[in-house]
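Encoded as structure tokens, the structure appears first; notes follow it.
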Amino acid sequence: MVTATSPYQGYVYAYPHKTAYRPLDPRPPLRRVWEGEPMDSLSLYLHIPFCEMRCGFCNLFTRTGAPDELVAAYLDALERQAGAVREALDAALDSASGGAPGAPGGAPGGPVFAVAAVGGGTPTYLSAAELTRLFDLAERTMGVDLRTVPLSVETSPATATADRLAVLAERGTTRISIGVQSFVDAEARAAVRPQRRAEVEAALGRIREAGFETLNLDLIYGIDGQDARSWRHSLDAALAWKPEEIYLYPLYVRPLTGLGRRARDWDDHRLGLYRRGRDHLLAAGYEQVSMRMFRLPDPARTAAPAHTTGYCCQSDGMVGLGCGARSYTSTLHYSHEYAVGTRQVRAIIDDYVRLAPGDFTAANVGFRLGDDERRRRHLIQSLLQAEGLDPAAYRARFGTEATADFGAEFDRLAARGWLETDAAGWPRLTAEGLAHSDAIGPALFSGAVRELMAGYEAR
């Protein structure tokens, strides 16, 4: 139920969160995990856990300053994992009845990937040659034709070099996302991101010259010293590049991050900046997709939302490769170990690069989803999008009505002015509901998931 007073409880980018995962005993073989799962519209995610620096707000699974030999060893391990996972997927298909994949995006007779993404960390921490090796792995081992599916890659101002961008463009990248955070140098320093605007502008120029279909800019509000005027300055500087997408992130102060040690209550300040940013982007012609995402309308764009490419995040599976990646089936979410602290992350990466091919054939830690959790995941991933929940899709998938399964939750949200039903009968968040997405999402977690997350020891 929604009782939180702060609008900033937690960013829900997946459900359940990795802190609800636990060691799987026994460890299920991947061929059994994927047996009977639809594999004609999968997502492929490649995780690169390296960055040139660790920002003060960062709680990602990443390490800085990785030497060349570690990066090479990581790519070796990633290749071993890819081979083991592809073999498991093929075995699962062979044992399943009625599976007939083979459409563009996957090798004939094998799993079909409808979308692909490379994240981190900072994937462009890799050199141009290393990026080429990474894409070769995706195409030759996993069977993905990267030039026929939407491909998203994350970068940073310092690593968006011409040679790296040339590789990304040549291999079919349709969307590139760059974390700018602020165009004000003093604010960037306050967020422990020592970059200069000149460096950011030069990187954006190179990205535009490379000709990617979609440029996404990430901005952060709530940085120490930031006010309405400086926030508007960053927004206008971003708009000058006419990015197809802009993400607005609230600054979070989290445990085990640099800024988390200087926590203060700034909810009203962040909420005010969010509203100013939202209204400014809407006035500039952007449409709001979620609390964070704003997009220029363009139905012809290849790097459109996943649901327009045949992939549905509520129901289709994801194959994650890399020590910080997670994978989804309809009933099991799984990954390797999770950590944020520098020492623990380094230890996990060091263990990962030593794994043999056989070590990648089973799921290690994860969370099994029963019927209630599957319904809840569908609800959360739908409701936190501006378009809301499609009642017909929910009914077709689960055989019940969302309003019956979650009537009490809907009533509480509506009573606060956070939920409405549109003309088509879709429950969706109001503008104020979207503003409180980071309270609504966590409040919709099941009691079991909240208990597991509370019992997780941060490390």
Side-chain angles (χ1 to χ4, degrees), residues 14 16 18 20-47 74-103 105-117 134 136-145 149 310-338 348 351-371 373-374 377:
K18 272 190 179 180
Y21 291 13
R22 293 295 184 269
L24 299 170
D25 186 19
R27 297 169 62 223
L30 293 187
R31 61 174 297 170
R32 299 300 180 197
V33 169
W34 284 94
E35 196 170 82
E37 292 288 325
M39 279 191 262
D40 57 351
S41 183
L42 298 175
S43 172
L44 177 66
Y45 178 72
L46 303 170
H47 179 246
Y74 184 84
L75 291 175
D76 289 342
L78 198 64
E79 192 158 6
R80 294 193 296 272
Q81 183 184 15
V85 170
R86 177 57 196 266
E87 185 175 339
L89 295 177
D90 287 343
L93 278 171
D94 288 343
S95 64
S97 60
V112 176
F113 294 93
V115 292
L134 179 69
D136 284 346
L137 177 156
E139 293 190 339
R140 296 173 184 173
T141 305
M142 296 307 295
V144 188
D145 185 350
V149 302
Y311 180 79
C312 177
C313 67
Q314 288 93 335
S315 59
D316 292 328
M318 183 166 80
V319 177
L321 301 178
C323 63
R326 71 180 85 204
S327 298
Y328 304 145
T329 71
S330 61
T331 59
L332 179 68
H333 292 189
Y334 64 91
S335 69
H336 288 275
E337 292 182 79
Y338 174 72
I348 291 173
D351 288 342
Y352 174 83
V353 301
R354 291 192 289 264
L355 294 176
D359 296 321
F360 294 113
T361 60
N364 294 311
V365 298
F367 182 93
R368 298 186 183 278
L369 286 77
D371 287 344
E373 295 292 5
R374 292 174 62 217
R377 177 173 183 264

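- Exactly one residue among Leu42, Leu89, Leu46 makes a side chain to side chain contact (heavy atoms under 4.5 Å, CB included) with Met142. That residue is Leu89.
- For the pair His333/Pro16, a side-chain contact is recorded, criterion being any heavy-atom separation below 4.5 Å from C-beta on.
- Partners of Asp359 according to the side-chain hydrogen bond (donor to acceptor under 3.5 Å, both in side chains) rule, which considers only residues two or more places apart in sequence or in another chain, do not exist here.
- Annotation: side-chain hydrogen bond (donor to acceptor under 3.5 Å, both in side chains) contacts of Ser330 (sequence neighbours excluded): Glu37.
- Partners of Ser327 under the side-chain contact (heavy atoms from CB on, under 4.5 Å) rule, at least two apart in sequence or in another chain, are Tyr334.
- Rounding to the nearest 0.5 Å places CG of Asp136 at 11.0 Å from CG of Leu75.
- The minimum heavy-atom distance linking Phe360 with Val85 is given by the pair O-CG2, 4.5 Å.
- We find the CZ-CZ distance between Phe367 and Arg377 to be 11.5 Å, quoted to the nearest 0.5 Å.
- To the nearest 0.5 Å, the span separating OG1 on Thr331 from CG on Asp371 amounts to 10.0 Å.
- A 4.5 Å side-chain heavy-atom check between Asp316 and Pro38 finds every atom pair outside the cut-off.
- Nearest heavy-atom pair across Gly83 and Thr141 is N-CG2, 3.5 Å.
- Minimum heavy-atom separation, Ser335 to Asn364: O-CB, 3.7 Å.
- Residue Arg22 qualifies as enclosed at atom CZ: its count of foreign heavy atoms under 6.0 Å is above 12.
- The closest side-chain heavy-atom distance from Leu44 to Val149 is not below 4.5 Å.
- Arg368 is linked by a side-chain hydrogen bond (donor to acceptor under 3.5 Å, both in side chains) to nothing, counting only residues two or more places apart in sequence or in another chain.
- Nearest heavy-atom pair, His336 versus Leu355, reported as atom, atom and distance to 0.1 Å: CE1-CD1, 4.1 Å.
- Closest heavy-atom contact between Val365 and Pro23: CG1-CA, 3.6 Å.
- When atom types are taken as modelled, the side chain of Arg80 and the backbone of Val353 share a donor-acceptor pair closer than 3.5 angstrom.
- For Glu35, the side-chain hydrogen bond (donor to acceptor under 3.5 Å, both in side chains) test picks out Arg32, Ser95, with sequence neighbours left out.
- To the nearest 0.5 Å, atoms CD (Glu139) and CG (Asp145) are separated by 6.0 Å.
- A salt bridge links Asp90 and Arg86; the closest N-O separation between the charged side-chain nitrogens and carboxylate oxygens is under 4.0 Å.
- Qualifying ring pair (Phe, Tyr, Trp, His ring centres under 6.0 Å) partners for Tyr74, counting only residues two or more places apart in sequence or in other chains: Phe50, Tyr352.
- Distance check, rounded to the nearest 0.5 Å: CH2 of Trp34 to CE of Met39 gives 7.0 Å.
- Between Gln81 and Gly320, the shortest heavy-atom distance links the atoms NE2-O, 3.9 Å.
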